[in-house]
Amino acid sequence: MRQGLKRPRPTDTPERSPVSENVRVRFAPSPTGHLHIGGARTAIYNWAFARRHGGTFVLRIEDTDPERSTDENTQAILRAMEWLGLDYDEGPGVGGPYGPYFQTQRFASYADALERLKAADATYPCFCTPAQLDTKREAARARGGFAGYDRTCRLLSVADAEARIASGEPHVWRLKVPDDRGEIIFPDAVRGDVSFPADAVDDLVLVRTDGTATYNFAVTIDDATMAITHVVRGDDHLSNTPKQILIYEALGEPVPVFAHLSMILGADGKRLSKRHGATSVEAYRDLGYLPEAVMNYLALLGWSLDGETTILSRETLAGNFSLDRVSRNPAIFDDEKLEWLNGVYIREFSPSVFVERMLPWLEEAGLANAGEVESRREWFEELAPLVSERIKRMDEVVDMVGFLFRDAITIDPLAKDKVLAKEGAGRSLEAAADALMHLEDFDAVKVEATLRAIPESLGLKPKIVFQAVRVAITGSTISPPLFESIALLGKPRTLARLQDARPWATV
RNA sequence: GGCCCGUUCGUCUAGCGGUUAGGACACCGCCCUCUCAAGGCGGAGAUCACGGGUUCGAAUCCCGUACGGGCUACCA
């Protein structure tokens, strides 16, 4: 019944959890790297789900891998969350009643849970050595079929086991999977009913020889003790779910609703990795993408409002997100669509907002600083729409407006060949300089009127004239609109550049 | 090997038994035009992975196959 299970239609009402009407979800990244695109989408869905239901969004850092977890990564993840505007109600920095929010600080609760399992006769010590287990596993696999633990130590008598523990023999604690459990079926909020035969679930290790909790044990205890009602996470955890359900059951804890999100793949259909270029949220930020666009794109990569809507505000997302409209199939990440979407957001900016947004990029390129922007506010706001209309990534502003800020420009060699080398280019520059020299009000309208007269007077095509001037002024064949650019550049610099380009131009 | 999940234009998706299979990105053409964009108009692109059923009727329901993916650790 797993495949064709029809998910309930009226969105979200059936998301009623057996646990609580009070939605509590969590995003639990491991600080072994930066916030990955896939992780970001998981975070977004959790956030949106919580907001949609007036619930609580918890951020929990799973820093139990001491080798790879770093505080720096934790900070980077926190920053990425903030950049995306994913505010959480409980977690590092903000605290909350279910803390601490770092897994390494929750060890006591795992020990406590283990005691409860012992009391419930739901766990047993296992003395098999890793080497023995390897051998058994290999043999089992060679035989075909189930390759889980053969439950040797489960057969040990309590007295035996206690004696061996007392003698100091190393041991782990395993979950005693009930023999009569039958099929483990759970209603996945995105995939419908999913079922696993209970005898295919291993007597998994809960607590290691060194006393630390394994992943499946730790997450389950954390989710239970944090009263998480909906576990929305990556597809890679689907097979872990029956194990975790068994732990909830052994503990007598309510089982949350699970929702498994499919993976995000690279253009080649393979799992997203370094080979695919940028994979972290901050890499996209540095590439000139806007948080609005990344959020919008990721929201739609695996979820749809109605199949038509492509531009989606965070408010709309927060007000309409539903798990039953999440796609079940893996999605290929499409940089081009993200870029288009980014352009849409850039174009929507008002001049003053665009100026704010481009300032960091100008500063980083050493073109301008906040003070200059303040002192020439109108000038920047005139420039804004000329640029915002023609870029898709914020980093492009630097190339697009650089000529306005530098004293001297270098002319693109290709532009020299293609434009200045054309016959008539020299005459065009000369005529433009002569005409503009006498212009009093150096605004775009006047500049345009002045330059428009030149092609005819020289008997040249407008394109020849204007492109020559453009290259002389901006150094490139591509630029914001010419007349406006000239007006913004100002008379002295314009005349100087017209002059400077003359040696390159064919008369 | 075993268990589980998935498969609609190149890509993201709509679709919940009867549709000319809709939209978006990308692509192509035309218009606009001082470049580049943006914008407008139009176009091409999906035998709904394949094969069997069920049904008057299937992209939609069932079964199987193929392909892709996940899990199968004292990793997370």
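Letters A, B, ... mirror the listed sequences (proteins, then strands); counts begin at 1.
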Is it true that A:D222 and A:R26 make a salt bridge, defined as a side-chain N closer than 4.0 Å to a carboxylate O?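 Salt bridge: no.
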Does A:R137 place a side-chain N or O at less than 4.0 Å from the phosphate oxygens OP1/OP2 of B:A73?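 Yes, because at least one side-chain N or O of A:R137 sits under 4.0 Å from OP1 or OP2 of B:A73.
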Taking OP1 and OP2 of B:G68, is either one under 4.0 Å from a side-chain nitrogen or oxygen of A:R271?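 Result: no.
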How close or far is atom [atom2] of [N] from atom [atom1] of [X], stated in whole angstroms?
{"X": "A:I185", "N": "B:C5", "atom1": "CD1", "atom2": "C1'", "result": "16 Å"}
{"X": "A:L312", "N": "B:A24", "atom1": "CG", "atom2": "P", "result": "16 Å"}
{"X": "A:D324", "N": "B:A14", "atom1": "CG", "atom2": "P", "result": "11 Å"}
{"X": "A:F127", "N": "B:C74", "atom1": "CZ", "atom2": "P", "result": "16 Å"}
{"X": "A:D65", "N": "B:C74", "atom1": "CG", "atom2": "P", "result": "16 Å"}
{"X": "A:I245", "N": "B:C3", "atom1": "CD1", "atom2": "P", "result": "19 Å"}
{"X": "A:K136", "N": "B:A73", "atom1": "NZ", "atom2": "P", "result": "13 Å"}
{"X": "A:H237", "N": "B:A76", "atom1": "NE2", "atom2": "P", "result": "11 Å"}

With sequence neighbours excluded, residues passing side-chain contact (heavy atoms from CB on, under 4.5 Å) with [X]:
{"X": "A:A453", "value": "none"}
{"X": "A:E448", "value": "A:R452, A:F483"}
{"X": "A:A76", "value": "A:H34, A:R79, A:E282"}
{"X": "A:E308", "value": "A:D306"}

Whole-angstrom distance between [N] and [M], as gauged at atom [atom1]:
{"N": "B:G17", "M": "B:A73", "atom1": "P", "result": "42 Å"}
{"N": "B:U8", "M": "B:A14", "atom1": "C1'", "result": "10 Å"}
{"N": "B:C25", "M": "B:G40", "atom1": "P", "result": "10 Å"}
{"N": "B:A37", "M": "B:C30", "atom1": "P", "result": "15 Å"}
{"N": "B:A59", "M": "B:G51", "atom1": "C1'", "result": "16 Å"}
{"N": "B:U60", "M": "B:G22", "atom1": "C1'", "result": "16 Å"}
{"N": "B:C34", "M": "B:C28", "atom1": "C1'", "result": "26 Å"}
{"N": "B:G45", "M": "B:C27", "atom1": "C1'", "result": "9 Å"}

If [N] has a Watson-Crick or G-U wobble mate with both distances under 3.5 Å, name it; if not, just say none.
{"N": "B:U11", "value": "B:A24"}
{"N": "B:G29", "value": "B:C41"}
{"N": "B:G68", "value": "B:C5"}
{"N": "B:C16", "value": "none"}
{"N": "B:G57", "value": "none"}

Specify whether A:F258 and A:H260 have parallel, tilted or perpendicular ring planes, treating 30° as the upper limit for parallel and 60° as the lower limit for perpendicular.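 The arrangement is parallel - the two ring planes meet at less than 30°.
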Parallel, tilted or perpendicular: which describes the rings of A:F333 and A:Y297, with under 30° parallel and over 60° perpendicular?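 The rings of A:F333 and A:Y297 stand perpendicular, inter-plane angle above 60°.
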Would you tabulate the pairs of protein nitrogen or oxygen atoms and nucleotide nitrogen or oxygen atoms of nucleotides 64-67 of chain B closer than 3.5 angstrom?
none

Looking at B:A76, B:C4, B:G70, which one has an atom nearest to any side-chain atom of A:Y215?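 Selected nucleotide: B:A76.
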Closest to side chain of A:P197, choosing from B:C4, B:A24, B:A76: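 Of B:C4, B:A24, B:A76, B:C4 is nearest to the side chain of A:P197.
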Check every strand shown and say whether [X] touches a base, only sugar-phosphate, or nothing at a heavy-atom separation below 4.0 Å.
{"X": "A:K243", "result": "sugar-phosphate"}
{"X": "A:V205", "result": "sugar-phosphate"}
{"X": "A:T209", "result": "base"}
{"X": "A:D236", "result": "sugar-phosphate"}

Taking only residues two or more places apart in sequence or in another chain, which ones pass salt bridge (Lys or Arg N to Asp or Glu O under 4.0 Å) with A:E381?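 Listed in chain order: A:R377.
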A:D134: which residues meet the salt bridge (Lys or Arg N to Asp or Glu O under 4.0 Å) condition with it, sequence neighbours left out?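 Salt bridge (Lys or Arg N to Asp or Glu O under 4.0 Å) check on A:D134 returns A:R137.
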Quick one: side chains of residues 458-472 of chain A, donor-acceptor pairs under 3.5 Å with protein atoms, not counting sequence neighbours, listed by atom name and distance.
| from | atom 1 | to | atom 2 | distance (Å) |
| --- | --- | --- | --- | --- |
| A:Q467 | OE1 | A:R470 | NE | 2.6 |
| A:R470 | NH1 | A:S479 | OG | 2.7 |
| A:R470 | NH1 | A:P480 | O | 3.4 |

Can a side-chain donor-acceptor contact be found between A:T74 and A:D71 if the only test is distance below 3.5 angstrom?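 No, no side-chain donor-acceptor pair sits under 3.5 Å.
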Readout for nucleotides 31-41 of chain B: B = base within 4.0 Å of protein heavy atom, S = sugar-phosphate only, - = neither; 5' to 3' it is ---BBBBSS--
Base, backbone or nothing for each nucleotide of nucleotides 8-13 of chain B, written B, S, -, heavy atoms under 4.0 angstrom, 5' to 3'? S--SBS
I'd like to know whether CH2 of A:W173 has more than 12 heavy-atom contacts from other residues, nucleotides or ligands below 6.0 angstrom.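 Enclosed.
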With sequence neighbours left out, which residue pairs that include part of residues 339-350 of chain A fulfil the salt bridge (charged side-chain N to carboxylate O under 4.0 Å, His left out) condition?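 For residues 339-350 of chain A, and leaving out neighbouring residues, the salt bridge (charged side-chain N to carboxylate O under 4.0 Å, His left out) pairs sorted by first residue read A:E339-A:R393.
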With a 3.5 Å cut-off and sequence neighbours excluded, list the donor-acceptor pairs that the side chains of residues 123-131 of chain A form with protein atoms.
| from | atom 1 | to | atom 2 | distance (Å) |
| --- | --- | --- | --- | --- |
| A:T123 | OG1 | A:R174 | O | 2.7 |
| A:Y124 | OH | A:D203 | OD2 | 2.6 |
| A:T129 | OG1 | A:Q132 | N | 3.2 |
| A:T129 | OG1 | A:Q132 | OE1 | 3.4 |

